[in-house]
Q: 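Here you go, one structure.
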Amino acid sequence: MLKAFLQKPTADELLFAFKCLLAAIMALYIALRIGLPRPFWAPMATCIISQSMSGSVFVRASSRLIGTLVGTVVAVLLLISFINYTFLLCFLIALWVGTCMYFSMLKRTTDAYVFTVAGFTVPVIIYGIIGDIELINVQDVTDMAIARAEETGIGFFSAIVVHSLFFPRSIGPVVVRRMDEVWKSIRQWTASVLQGHATANDSPRTNATRIITDLRVLSANLPFDASNERWAVANIRLLQDRLTVMIPVISSIEDSISTLQKAGKLPGYWKYLLDNIAVWIEQDNVTPESAQWLRERIRSGLPKITPQSTWDETMIIRLASDLGKLISYCESRADQRRAIDACISGKATVMPKTAPVSLTELHKDRRLAFFVSASAVFTITIVSLMWVVSGWNAGFCAPMMTSIFYLSFIRNDNSVRAMKIVLLFTIYSLLPAGIYLLVVLYSTHSFETLMLLLGPCIVFVGIFMARPATGLGATIFMMGIWSTLTMYDLDMANATSFINGQSFAQCFGIVMALLSAMIFRSFDAEWTTRRLLNSLSEEISRLSQSAKSPSVIQTTVRMIDRISVLAPRLSAFGDEKENIISGLFRELRIGMNMVYLMHMRSRLERNGIAIQPLLQALSAYFSKRDHKTDEQTALLEQIDNTLQKVCHMSSTVRQNAAIAAIAGIRQDLFPKAHPYYPQTLIPKEIV
């Protein structure tokens, strides 16, 4: 991190820093001009929501404004109803924070910030009012709550105006550029696979899953962006869907090529064809003619399916089917990329016919959300009771800080590291914050002089706020200064109040949140990882129970997203990490092949092949954690029998697709089993 602080500032970082200064000046001036009681809350709000991307600023500001309004209403109701029952009020505050945390953890998009802000607005208002007991009456409570909403709203408005109108840096070009970079990486990975170069680890596909998932969440801000890319939101999300479904297909191709090469059964014709497809993908010059030529070459190399077809022939069918899907997805990706350019340039006239996968399909861990929320209720209640029982007048800041930072950071997997950074930079901010509070504010007698003295600090810290590696620490540092200056509004600008409240109470609240994170989040890490590892199996076991065939793309997006969430947690497994990830991708491919079979179910049934018993057997198999040898043998025999029945189909429509799906399931489920060998079937079994 030290290296990131020592880097020379770039033009973009300086621009962002001066925009932070301008937003703070604007917010503080308006708050002072209209006579709000705590004007320093307004520039503090600009610091919290300032983002280098204009769309992110708008979404974050609007979410924070809505959350503030909701939290204000709840705070007023709680204060009016339970002000005489301090212990009960503290518990209700903790319960509200825990409830908001639960729903914020279930939301994977930026609007989850609404719940976060609504959660910590209540303790900020209530503890701030209780800290000054003389103000406790209905009128003062209402006026104070409204003033907090006004001050915060002014800060949001200032940040939106400055960051969106003055040299805005848009999300759209960043999203499109990163998708092009992902596609370049996928092309390189695909070309390497087709040329028979096995990857040393699973990093290409895990990196692709992580980046695509991040882009999917980031794209939720595009409708509020200032760039022309906001008109291409649907096409951008469709392109992300296309990139997502490529991952299991490429993984399946890699497995097929590796299996055939190890057995020495990959014909020279297919080696030549794979090289041609690799060159076609690397050149990224997708035309209908070139794609059709490759499809014809694939069809020409297909073995003729007979009841005596061997395992090697079925693996060739599987490889050919996946190559056909890959070519189609490459064509679709190219079409979507051209459609995005048309939307950006204003040449697009109609919306895409296909709807992108909804963000609601992304993984939601309700058990983890409940566990973390319960720990929040417990921790905040304990800190609140410690403050009340001790009679510590300035200690109201402790449960307030615990609530704020619990909601802001404990939801993340790296919460312990984040909380350590928060504590460290809060301590760093105490000295300059104390100087500004106890010296500068008493030495300045005009708004202009105050901003001249604050300006260099805002610009200097703003440079580091713009850097991803230092953004969190710099933001916490600046928030520490602004929150300290609010003591001037409360007539608490003295050394005793600063040391007792802002220094000790604030750090104590952060330490309690850190200790809770170290206890609860480390305790649930292995439990959550184990449960996520089983979640793919649980989803596969539910597939055949669907009343209708599930969408291939939706199922793929959901499973890929779950892998992207799980992969960073596997570092604790050491050398087993690669094997676990390979197993996850095998389960992903099994799930996809089951979905393909479900889509072909009616066609297969018309040919006398009941595919539902196999699907139910697979679901029953994945519903268990451990399997006996006879259960594995029985399932393998059922797969082989179904595969041979498909080879006996009188109609060749969907025959190759069904063979590819069943062969893929067999290979992924029993990679070390003896190759499939055709048996003689009696006529009754064929019919």
Q: What heavy-atom pair brings Ser300 and Tyr269 nearest, and what distance separates the two atoms?
A: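 Minimum heavy-atom separation between Ser300 and Tyr269: CB-OH, 3.6 Å.
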Q: Measuring from Ile250:CD1 to Phe585:CZ, what's the distance to the nearest 0.5 Å?
A: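 Answer rounded to 0.5 Å: 10.5 Å.
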Q: Rounded to the nearest 0.5 Å, how far apart are CE of Met592 and CE of Met594?
A: 10.0 Å
Q: Do any N or O atoms from the side chain of His599 and from the backbone of Pro550 form a donor-acceptor pair under 3.5 angstrom?
A: yes
Q: Is Arg297 positioned over the aromatic face of Trp293, cation under 6.0 angstrom from the ring centre and no more than 45 degrees off axis?
A: yes
Q: Taking the side chain as everything from C-beta on, heavy atoms only, tell me whether Asp284 gets closer than 4.5 Å to Arg333.
A: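 Of all side-chain heavy-atom pairs linking Arg333 with Asp284, at least one is under 4.5 Å.
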Q: Using 4.0 Å as the upper bound for N to carboxylate O, is an ion pair formed by Arg337 and Asp180?
A: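 Here Asp180 pairs with Arg337 in a salt bridge, since their nearest N and O are under 4.0 Å apart.
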Q: Between the side chains of Arg586 and Asp255, is the shortest nitrogen-to-carboxylate-oxygen separation below 4.0 Å, so that they form an ion pair?
A: no
Q: Between the side chain of Thr633 and the main-chain N/O of Thr629, is any donor-acceptor distance below 3.5 Å?
A: yes
Q: If you take all heavy atoms of Trp280 and Leu294, which pair is closest and at what distance?
A: CD2-CD1, 3.4 Å
Q: Cation-pi between Arg666 and Trp311: NZ/CZ under 6.0 Å from ring centre and within 45° of the ring axis?
A: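 So Arg666 does make the cation-pi contact.
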Q: Report yes or no: do Ser256 and Thr259 form a side-chain donor-acceptor pair below 3.5 Å?
A: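 Short answer, no.
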Q: As an exercise, state the distance from CD1 of Ile305 to CD1 of Ile317, rounded to the nearest 0.5 Å.
A: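 Ile305 CD1 to Ile317 CD1: 4.0 Å, rounded to 0.5 Å.
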Q: Roughly how far, to the nearest 0.5 Å, is the SG atom of Cys647 from the NZ atom of Lys645?
A: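 It comes to 12.5 Å.
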Q: Are the side chains of Ile590 and Leu669 in touch, meaning some heavy atoms are under 4.5 Å apart?
A: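 SC-SC contact between Ile590 and Leu669 confirmed.
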Q: Could you check whether any side-chain heavy atom of Gln644 comes within less than 4.5 Å of a side-chain heavy atom of Asp640, counting everything from C-beta outward?
A: no
Q: Considering only NZ, NE, NH1 and NH2 on the basic side and carboxylate oxygens on the acidic side, decide whether Asp335 and Arg338 come within less than 4.0 Å.
A: yes
Q: For Ile236 and Gln240, run side-chain contact (heavy atoms from CB on, under 4.5 Å): C-alpha distance rounded to whole Å, both residues' side-chain angles, the deciding distance at 0.1 Å, then the answer.
A: CA-CA 6 Å; Ile236 287 174; Gln240 293 165 357; 3.7 Å; yes
Q: Could you check whether any side-chain heavy atom of Arg242 comes within less than 4.5 Å of a side-chain heavy atom of Leu238, counting everything from C-beta outward?
A: yes
Q: Just how far is it from atom CZ of Arg187 to atom SG of Cys330, taken to the nearest 0.5 Å?
A: 9.5 Å
Q: Any luck finding a side-chain donor-acceptor pair between Arg589 and Ser252 under 3.5 Å?
A: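 The answer is no; no qualifying pair exists.
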Q: With a 4.5 Å cut-off on side-chain heavy atoms, are Glu254 and Trp189 touching?
A: yes
Q: Determine the minimum heavy-atom distance between Ala660 and Arg318, stating which atoms define it.
A: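 Scanning both residues, the minimum pair turns out to be CB-CA, 3.6 Å.
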Q: Does the side chain of Ile298 come within less than 4.5 Å of Trp270's, by heavy atoms?
A: yes
Q: Using 4.0 Å as the upper bound for N to carboxylate O, is an ion pair formed by Lys304 and Glu313?
A: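 Salt bridge flag = no for Lys304 with Glu313.
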Q: Keeping Glu631 on the side-chain end and Lys628 on the backbone end, is there a donor-acceptor pair under 3.5 Å?
A: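 A pair under 3.5 Å: yes.
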Q: Do Ser619 and Arg542 have a side chain donor and acceptor closer than 3.5 Å?
A: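 Checked: Ser619/Arg542 side chains show no N/O donor-acceptor pair below 3.5 Å.
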Q: Under 4.5 Å between any side-chain heavy atoms of Leu243 and Ile186, yes or no?
A: yes
Q: Show your reasoning for whether side-chain contact (heavy atoms from CB on, under 4.5 Å) applies to Leu326 and Ile281.
A: CA-CA 10 Å; Leu326 178 62; Ile281 290 177; 3.7 Å; yes
Q: Count the heavy atoms belonging to other residues, nucleotides or ligands that lie under 6.0 Å from OH of Tyr272, then report whether that count exceeds 12.
A: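 Open: at most 12 neighbouring heavy atoms sit under 6.0 Å from OH of Tyr272.
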Q: Please check: side-chain N/O of Ser541 versus main-chain N/O of Glu538, any donor-acceptor pairing under 3.5 Å?
A: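 Between the backbone of Glu538 and the side chain of Ser541 there is a qualifying donor-acceptor contact (under 3.5 Å).
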Q: Between Glu587 and Arg562, does at least one N-O distance fall below 4.0 Å, as a salt bridge requires?
A: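 So Glu587 does not pair with Arg562 through a salt bridge.
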Q: Between the side chain of Thr555 and the main-chain N/O of Ser551, is any donor-acceptor distance below 3.5 Å?
A: yes
Q: Which heavy atom in Gly591 sits nearest to a heavy atom in Met559, and how many Å separate them?
A: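 Residues Gly591 and Met559, closest heavy atoms: CA-CE, 4.2 Å.
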Q: Restricting to non-hydrogen atoms, name the atom on Leu636 and the atom on Ala673 that form the minimum distance, rounded to 0.1 Å.
A: CD2-CB, 3.9 Å
Q: Would you indicate whether the side-chain heavy atoms of Leu274 and Leu323 approach each other to under 4.5 Å?
A: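 Yes - at least one pair of side-chain heavy atoms lies under 4.5 Å apart.
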Q: Any chance the side chains of Gln612 and Arg601 put a donor and an acceptor closer than 3.5 Å?
A: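 Result is yes, a qualifying pair exists.
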Q: Looking only at atom types and distance, does a side-chain atom of Ser332 sit under 3.5 Å from a main-chain N or O of Tyr329, one as donor and one as acceptor?
A: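 Checking the backbone N and O of Tyr329 against the side chain of Ser332, no donor-acceptor pair under 3.5 Å is found.
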Q: Go through Phe670 and Leu635 one step at a time and tell me if the side-chain contact (heavy atoms from CB on, under 4.5 Å) criterion holds.
A: CA-CA 10 Å; Phe670 304 108; Leu635 180 58; 4.1 Å; yes
Q: Going by an N to O cut-off under 4.0 Å, is there a salt bridge joining Arg237 and Asp241?
A: no
Q: side-chain contact (heavy atoms from CB on, under 4.5 Å), that's the test. Do Leu319 and Leu266 meet it? Break it down for me.
A: CA-CA 10 Å; Leu319 175 61; Leu266 185 63; 4.3 Å; yes
Q: When rounded to the nearest 0.5 angstrom, what distance separates NE2 in His648 from CD in Gln655?
A: 10.5 Å
Q: Specify the closest pair of heavy atoms between Gln638 and Ala617, including all atoms of both residues, with the distance to one decimal.
A: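 That closest heavy-atom pairing would be OE1-CB, 3.3 Å.
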